[in-house]
Amino acid sequence: MPLARTHSVALVGVTGHVVEVEADIANGLVGTILVGLPDAALREARDRIRAAIVNSGEEWPQRKITVGLSPASLPKRGSWFDLAAPVGIFQRKHRGSGGGPSTAAALGIVSWAKGARCGLMRPCHRMG
């Protein structure tokens with residue numbers, strides 16, 4: 001099955017750059033891997049995303065989950081990807097074998113929010 005894709009924004013100074021978020025769920029050692037130059041706060045997103053998904057009543061996939069952030073050369077900081085990553089994971093998990101473009105990427109949706117462990121998304125009141 002193809003990857004699921006959605007988009008988010010990375011800030012470099014005061015300039016926003018569109019980041020493509022790709023999610024894949026595959027057989028292998030159970031775990032979540034973030035690739036594409038994430039910082040320490042973004043690496044912690046694995047725990048925030050899992051807690052939010054489980055606490056919202058959704059089942060967490062017990063497989064290998066890889067979330068790629070492109071372009072890889074662009075530094076990604078903070079918790080702004082807490083919504084885009086689970087959107088991609090859900091798209092990949094619930095997509096049948098039909099393939100086709102993922103809904104969020106095809107519609108040009110950009111996700112940018114902080115996640116709460118209870119499953120709620122918190123608005124971003126400031127950028128930085």
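As a basis for the values below, the full set of heavy atoms in this structure was taken, side chains included, without hydrogen atoms, waters or symmetry mates.
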Looking only at heavy atoms, which two atoms of A10 and P75 are closest? And how far apart? CB-O, 4.1 Å
Does the distance from a Lys or Arg side-chain N to an Asp or Glu carboxylate O, for R77 and D39, drop under 4.0 Å? no
Looking only at heavy atoms, what is the nearest atom pair of H7 and A84, with distance? O-CB, 4.0 Å
Using side-chain heavy atoms (C-beta onward) and a distance below 4.5 Å, is I25 in contact with K64? no
Given side-chain contact (heavy atoms from CB on, under 4.5 Å), test L69 with L42 step by step and report yes or no. CA-CA 11 Å; L69 307 169; L42 187 51; 3.4 Å; yes
Under the side-chain contact (heavy atoms from CB on, under 4.5 Å) criterion, do T32 and W60 qualify, and how do the steps go? CA-CA 11 Å; T32 305; W60 183 257; 3.3 Å; yes
Nearest heavy-atom contact between A45 and L34 is CB-CD1, 4.5 Å
A quick test of your reading: do over 12 heavy atoms of other residues, nucleotides or ligands sit less than 6.0 Å from CD of Q62? yes
Flag the pair K93 / E58 as yes when at least one side-chain heavy-atom distance between them is below 4.5 Å, and no otherwise. yes
Calculate, to the nearest 0.5 Å, the distance between atoms CD1 and CZ belonging to I65 and R46 respectively. 11.5 Å
Could you go through I49 and F81, starting from their C-alpha distance and side-chain angles, then the distance that decides it, and tell me whether this counts as side-chain contact (heavy atoms from CB on, under 4.5 Å)? CA-CA 9 Å; I49 292 166; F81 299 91; over 6 Å; no
Kindly indicate whether the side chain of V67, heavy atoms from C-beta on, has any atom under 4.5 Å from the side chain of I89. yes
Find the distance between CG (D24) and OG1 (T66) and round it off to the nearest 0.5 Å. 6.0 Å
Within-4.5 Å side-chain heavy-atom neighbours: R63 and N27: yes
Measuring from S8:OG to L83:CG, what's the distance to the nearest 0.5 Å? 8.0 Å
Look up atom CG in L74 and atom NE2 in H17, then write down how far apart they are to the nearest 0.5 Å. 5.5 Å
Derivation of the side-chain contact (heavy atoms from CB on, under 4.5 Å) call for V21 and R5: CA-CA 6 Å; V21 180; R5 290 183 176 89; over 6 Å; no
Below 4.0 angstrom, N of the basic side chain to O of the carboxylate: do E22 and R92 qualify? no
